[in-house]
Amino acid sequence: MIHAKKVKPEYFTALRDGSKTFELRREDPDEPPYAVGDYLALNECESGRHSEEPPHYSGACLLYRITYVLRGVDLLPPGVVALGLRLMPLSLRDLETI
């Protein structure tokens, strides 16, 4: 399963440079839940879900494999999960086969 999500530029930068190795996400009851082994495609976007303006994507994307899912603990609000991530490097050859 690949979960494609938007991420703000400041978080995208921290993910890209490796200083942020996790992601907090609200699970959508209309979508499959996050699971270890799933992929998370994070697309840099300047406007969020609740913005009145249409999304503005930069075209930059990072692909991660989900290595850990933390849910249902007192530290997180209901419906929010913490995801451990491992960057999946992509080459141009990989993109040609997709």
Side-chain angles (χ1 to χ4, degrees):
M1 164 70 63
I2 299 175
H3 304 270
K5 300 293 177 180
K6 296 184 277 190
V7 65
K8 292 181 179 180
E10 59 268 27
Y11 302 126
F12 187 88
T13 299
L15 285 157
R16 186 179 52 214
D17 71 22
S19 60
K20 184 172 184 268
T21 58
F22 67 93
E23 185 69 7
L24 297 176
R25 288 282 159 174
R26 184 168 307 281
E27 288 195 290
D28 185 337
D30 296 329
E31 295 180 8
Y34 295 102
V36 171
D38 285 356
Y39 292 92
L40 181 64
L42 294 174
N43 301 286
E44 186 179 35
C45 184
E46 294 194 15
S47 58
R49 178 182 204 178
H50 303 291
S51 173
E52 292 183 16
E53 295 180 28
H56 175 20
Y57 293 95
S58 71
C61 179
L62 296 168
L63 181 65
Y64 289 91
R65 183 127 194 193
I66 298 174
T67 59
Y68 190 83
V69 178
L70 180 65
R71 67 168 54 89
V73 296
D74 291 339
L75 297 171
L76 296 172
V80 174
V81 295
L83 305 173
L85 304 174
R86 184 177 71 220
L87 181 63
M88 302 301 297
L90 292 172
S91 69
L92 208 43
R93 179 178 290 170
D94 295 329
L95 295 175
E96 290 170 353
T97 63
I98 294 177

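Quantities reported herein were computed from a predicted structural model and do not represent experimental measurements. Sequential numbering from 1 along the given sequence is applied to the chain's residues. What's counted below: heavy atoms across the whole structure, side chains too, no hydrogens, waters or symmetry copies.
Using a 4.0 Å cut-off between charged nitrogen and carboxylate oxygen, K5 and E31 count as a salt-bridge pair.
Two different hydrophobic clusters hold L70 and V36 under the rule that ILVMFWY side chains link at heavy-atom gaps under 4.5 Å. Hydrophobic clustering, with ILVMFWY side chains joined whenever heavy atoms are under 4.5 angstrom apart, groups L42 together with Y11. Both Y68 and L75 sit in one connected hydrophobic cluster of ILVMFWY residues. Membership requires side-chain heavy atoms under 4.5 Å apart, directly or through other members. Put simply, V80 and L15 are part of two different groups of oily side chains (I, L, V, M, F, W, Y) that touch within less than 4.5 Å, one to the next.
Residues E46 and P9 form a side-chain contact, since some pair of their non-hydrogen atoms from C-beta on lies under 4.5 Å apart. Counting only heavy atoms from C-beta outward, the side chains of I66 and E23 never approach each other to under 4.5 Å. Residues L40 and M88 have side chains not in contact (no heavy-atom distance under 4.5 Å, counting atoms from C-beta outward). Proximity of L83 to Y64: side-chain heavy atoms (C-beta onward) are nowhere separated by under 4.5 Å.
The minimum heavy-atom distance between E44 and S58, with the atom names listed, is OE1-OG, 2.6 Å. Here the closest non-hydrogen pair linking A41 and I2 is CB-CG2, 4.2 Å. Pairing each heavy atom of F12 with each of C61, the nearest pair is CZ-N, 3.9 Å. The nearest pair of heavy atoms linking R25 to K6 is NH2-O, 2.8 Å. For the residue pair P32 and H3, the shortest heavy atom distance occurs at O-CE1, 3.5 Å. The nearest pair of heavy atoms linking D38 to P33 is OD2-O, 3.8 Å.
Atom OH of Y34 and atom CZ of R26 lie 11.0 Å apart (nearest 0.5 Å). Atom CZ of R86 is separated from atom OH of Y39 by 8.0 Å, given to the nearest 0.5 angstrom. For the atom pair CG (L85) and CG (L62), the distance works out to 10.0 Å, reported to the nearest 0.5 Å.
With a 6.0 Å cutoff to the six-membered ring centre and a 45° limit on the axis angle, K20 counts as a cation-pi contact of F22.
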